[in-house]
Amino acid sequence: MNQITASIGRWQGAGLMATTLLGTGVFILPQMTIEVAGSGALLAWIILTVAILPVAVVFGLLASRFPHAAGPAYFIEKAFGITAGRTIGLIFLLVIPIGAPAAILMTFQFMDALVAITGWGQLAAEIAIVAVLLLLNYRGIQVSAKLQFGLTLAIVAVVTVLFGSSGANLGQLTSLTEVAKPEAASVMLAMGIGFWSFLGIEAMTHLANNFRDPKKDMLPAMMLGTVLVGIIYLVCTLLLLMVPAEAGGLAMVHAFNQLLSGFGVQVIGVLGIASGLATVNIYCASAARLLWSFSQQGILPKYFEKLNAHGVPLRALVTILVTMVMVIVLTFITEQKLEDLIAWSNGVFVIIYLLTMLSAAKLLSKAYLPLVVAGCVFCIGVGYALAENMWYSCILVLSVAPFIYWQKNHLTRKALISD
């Protein structure tokens, strides 16, 4: 079997997109943005949501017109050649073993709310999560799509109930009127924090061939998911401003307990853990499909080319997961800071996003050029904000690009000799 099964519809795709973006931050990031910007956090989320829409549209258009398991690597290769495209593909593969464990570590903030696990017990639990990811992906992404669509509905329902219950607390919105003009610096800092919430747009493009009709459903699914996520973060931020919590702990748990008389730890904890797993799940599935695609093209060993009975690149998936376990163990032993892992990962995604925007300028109609320019400005701004944390991505590019260039020339010479 060498074909990936197409089984995702528009609404399942929207659910995948939403839970991928909500991820580990849905009940954490609003609190963090309020801590740095106060009522200005609302403005930060509005600007961030509007600014990310052109990026999401461009990714959706490219994925619907050029569906391919390699995702951005395929778009960039079509626009700028083999070396550029395959370099981007490989740096994406190399960032997943770092970014995914970081997301797992973030998820454990919700685990701590339910039951405190530290030391070797936490390490064992993190490795157990990787085993769960293998089970979720073994029968194909359609199983995860259905589960994650249900998870999206559950998160929307909880946020809606909480916001509705806060109606009697509108008088507590004094914090919104105390600062008529939020400071630009604090709003920008809040936007920088909130940017984590929208990482994952590119991961969906790797799953384009898993859609039954990517030309029809890919763009709507990505846009529905992105807009829904922006609204959820905005509502959560507004909710926390209306129901302020004491310093320390998860503010969303406090809001739930305050408005619905308890069970906040259980409900928010379970949803937070599930949402974090959903994010890691999509990245693992995307990376496995990219690894499978590169194996088919001869870029990487043929060992990863085989699919199981459910159309899943199982060997590629297991390799990704085993590498993740190694990084998790190494991170535990060296006590590497979570913030460093996240920042390094984001630097790689800035490069992937920017080059995808530039490839869209060549592959899409000129009518979409304003969207492409807006997307480029957004990426450059984020890269500037990351500053020295971009070094990891630069090292990856400078290491991988020469290898890809040599490999391309080597294969070309070999083909000429055989002819």
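As a basis for the values below, the full set of heavy atoms in this structure was taken, side chains included, without hydrogen atoms, waters or symmetry mates.
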Report the distance from atom [atom1] of [X] to atom [atom2] of [Y], rounding to the nearest 0.5 Å.
X	Y	atom1	atom2	answer
Ile88	Thr83	CD1	OG1	11.5 Å
Leu398	Ser393	CG	OG	9.5 Å
Tyr368	Leu363	OH	CG	13.0 Å
Leu239	Thr160	CG	OG1	11.0 Å
Met32	Thr237	CE	OG1	12.0 Å
Leu42	Leu240	CG	CG	10.0 Å

Whether Thr226 side chain and Met223 backbone form a donor-acceptor pair below 3.5 Å
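It does not hold such a pair.
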
Do Ser186 side-chain atoms and Ala37 backbone N/O form a donor-acceptor pair below 3.5 Å?
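No.
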
Side chains of [X] and [Y]: does their closest heavy-atom pair fall under 4.5 Å?
X	Y	result
Phe294	Leu90	yes
Ile351	Met390	yes
Phe198	Val55	no
Trp344	Val348	no

Nearest heavy-atom neighbours spanning [X] and [Y]:
X	Y	answer
Ala190	Ala44	CB-CB, 3.7 Å
Pro54	Gly375	CB-N, 4.3 Å
Cys284	Met324	SG-SD, 3.5 Å
Ile268	Met252	CG1-O, 4.1 Å

With Glu126, which residues qualify under side-chain hydrogen bond (donor to acceptor under 3.5 Å, both in side chains), at least two apart?
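For Glu126 the side-chain hydrogen bond (donor to acceptor under 3.5 Å, both in side chains) partners, ignoring immediate neighbours, are Gln122.
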
Please work out which of the three classes, parallel, tilted or perpendicular, describes the rings of Trp45 and Tyr233, given edges at 30° and 60°.
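Rings of Tyr233 and Trp45: parallel, as their planes differ by under 30°.
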
If the plane angle is over 60° it's perpendicular, under 30° parallel, otherwise tilted; pick one for Phe349 and Phe92.
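Geometry flag for Phe92 against Phe349: perpendicular rings.
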
Sorted by first residue and then second, give each side-chain hydrogen bond (donor to acceptor under 3.5 Å, both in side chains) pair with at least one member in residues 349-361; sequence neighbours left out.
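Found Glu202-Tyr353.
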
